[in-house]
Peer 1: 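One structure is given below, represented as structure tokens, and several questions about it will come after.
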Amino acid sequence: MRRISVHASTDYDVLVEHGLLRQCGSLLAGAAVTRHFVIVTDDTVDELYSKDLLHALDMAGCKAECFVFPHGEASKCSGTLLKLYDFLCESGITRSDCLIALGGGVVGDLTGFAAATFLRGIRYIQIPTTLLAQIDSSVGGKTAINIPGGKNLVGAFKQPSLVICDPDTLKTLPGHILSDGIAEAIKYGMIRDPGLFALLDAHNSDNVLPQADEIIARCVTIKRDIVAKDEFDTGERMLLNFGHTLGHAIERHSEFAYTHGQAVAAGMCMLSARTAAPAVTARLIGCVNNYGLPTDYDAPMQELTALCGHDKKRMGGELSYVVCPAIGQGEIRKASFPDFCRMMEESL
Ligand SMILES: NC(=O)c1ccc[n+]([C@@H]2O[C@H](COP(=O)([O-])OP(=O)(O)OC[C@H]3O[C@@H](n4cnc5c(N)ncnc54)[C@H](O)[C@@H]3O)[C@@H](O)[C@H]2O)c1
Ligand SMILES: [Zn+2]
């Protein structure tokens, strides 16, 4: 089993091993001070994995109830949150009890926010079942829900007590959801880890991820190291945004026809083409292509940069963005918004 220890305001471990979901009862019991859990999950993941988790908890002498909501981003909202609070009241959850987020980033963000706020804070454990959740959203302690004013506008920093990643759960993921997560894995390779990039570059399938445990562990280690230096997102955590400033603009411009992973993949390639040596961009494009992810987005650059102006990383007229002059070497750059637009809009 791979163990990545995270040192933040609360210390916790991220455990990665094939088959861990079926055997995690004693690990869950050990990370909590209770034998009473509430599992929060969506309907798709419930069908696939709740039974295994309930059995594992039962074997460890724990009891659990399941709160299940419809899958999809639309459920990450105040309506679902209020229903979850009601469920926790009915279940008699006390401050010493523990929530378990079983699912993708939607489940993790919503459960984490409920754990941060219910009874002014209770423990929660993450069991992420998408690649994106395993390598990104379950680590770092950012939790949130969406409100009509925008995505992730209401949230809290709340670290989990434990994260359990079972790469076997990725086998049931539809290919396009897996490749969304792969875009983030490529990002980690680009900003910090040429070895990880090489591992990803060696494969070429959008349906399976060989050496998933190694890839997950490397990504989590990078996120751990960056978050340790910047738990509350005021500086170095910006590195994790490689491809995201442009990516968010592409998501919005396409009216979300491009998924987050697709937009980030295109955003990384388009930014790299303007800021890195051609050989670096060629390798990035080759790797992104391997997984059926887009390397470009067809729209006038002015329309995209106009949307970059809304990015929340823009502060006081300055915009921060990340460049990778070499694979594994992400650097944060700052520019005035007009200078950033000029750089992006210059024809290649
Ligand atoms: N907190 C953070 O730091 C952070 C970071 C990145 C993204 N996020 C958030 O994460 C969310 C996106 O996460 P996501 O991509 O995991 O989306 P998701 O949770 O909606 O999962 C995607 C789909 O996959 C299904 N699914 C999950 N696991 C499965 C499995 N093993 N087999 C088959 N189907 C499965 C789900 O039911 C869902 O329909 C967004 O809300 C985003 O804002 C948070
Ligand atoms: Zn992302």
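For the numbers below, each heavy atom of this structure counts, side chains included, while hydrogens, waters and symmetry mates do not. Order of listing sets the numbers, starting from 1, for every ligand and every atom in it.
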Peer 1: Under a 4.0 Å heavy-atom limit, does L170 contact ligand 1 with its side chain, its backbone, both, or neither?
Peer 2: neither
Peer 1: Does a salt bridge link D168 with K171, judged by any charged N lying under 4.0 Å from a carboxylate O?
Peer 2: yes
Peer 1: For the atom pair SG (C24) and CG (L15), what is the distance rounded to the nearest 0.5 Å?
Peer 2: 9.5 Å
Peer 1: Using a 4.0 Å cut-off to any heavy atom of D136, which atoms of ligand 1 qualify?
Peer 2: 5 (C), 6 (C)
Peer 1: Heavy atoms only, cut-off 4.0 Å: how does L173 contact ligand 1, side chain, backbone, both, or neither?
Peer 2: both
Peer 1: Using heavy atoms and a threshold below 4.0 Å, how should the contact between K223 and ligand 1 be classified: side chain, backbone, both, or neither?
Peer 2: side chain
Peer 1: Have a look at ligand 1 and work out which part of N146, if any, has a heavy atom under 4.0 Å from it: side chain, backbone, both or neither.
Peer 2: neither
Peer 1: Quick one: does ligand 1 sit under 4.0 Å from the side chain of H71, the backbone, both or neither, non-hydrogen atoms only?
Peer 2: side chain
Peer 1: Are E346 and R342 close enough for a salt bridge, meaning some N to O gap below 4.0 Å?
Peer 2: no
Peer 1: Check whether any N or O atom of T172, backbone or side chain, sits under 3.5 Å from an N or O atom of ligand 1, and answer yes or no.
Peer 2: yes
Peer 1: Flag L48 as yes when one of its N or O atoms lies below 3.5 Å from any N or O atom of ligand 1, and as no otherwise.
Peer 2: no
Peer 1: Please check if the side chain of R237 supplies one atom and the backbone of G140 the other of a donor-acceptor pair under 3.5 Å.
Peer 2: yes
Peer 1: Compare every heavy atom of S138 with every heavy atom of Q134, then report the nearest pair and how far apart it is.
Peer 2: O-OG, 3.8 Å
Peer 1: Do you know which N/O/S atom name in E184 is closest to the Zn ion (ligand 2)?
Peer 2: OE2
Peer 1: State the atoms of ligand 1, each with its element, that fall below the 4.0 Å cut-off from a heavy-atom position in T44.
Peer 2: 34 (N), 37 (O)
Peer 1: Mark up the atoms of ligand 1 that fall under 4.0 Å of a heavy atom belonging to Y49, in ascending order.
Peer 2: 31 (N)
Peer 1: When you compare ligand 1 with T143, is there at least one nitrogen or oxygen pair between them that comes in under 3.5 angstrom?
Peer 2: no
Peer 1: Is N290 reaching over with its side chain to a backbone N or O of H203, donor-acceptor style, under 3.5 angstrom?
Peer 2: yes
Peer 1: Tell me if the NE2 atom of H55 is crowded by more than 12 foreign heavy atoms within 6.0 Å.
Peer 2: no
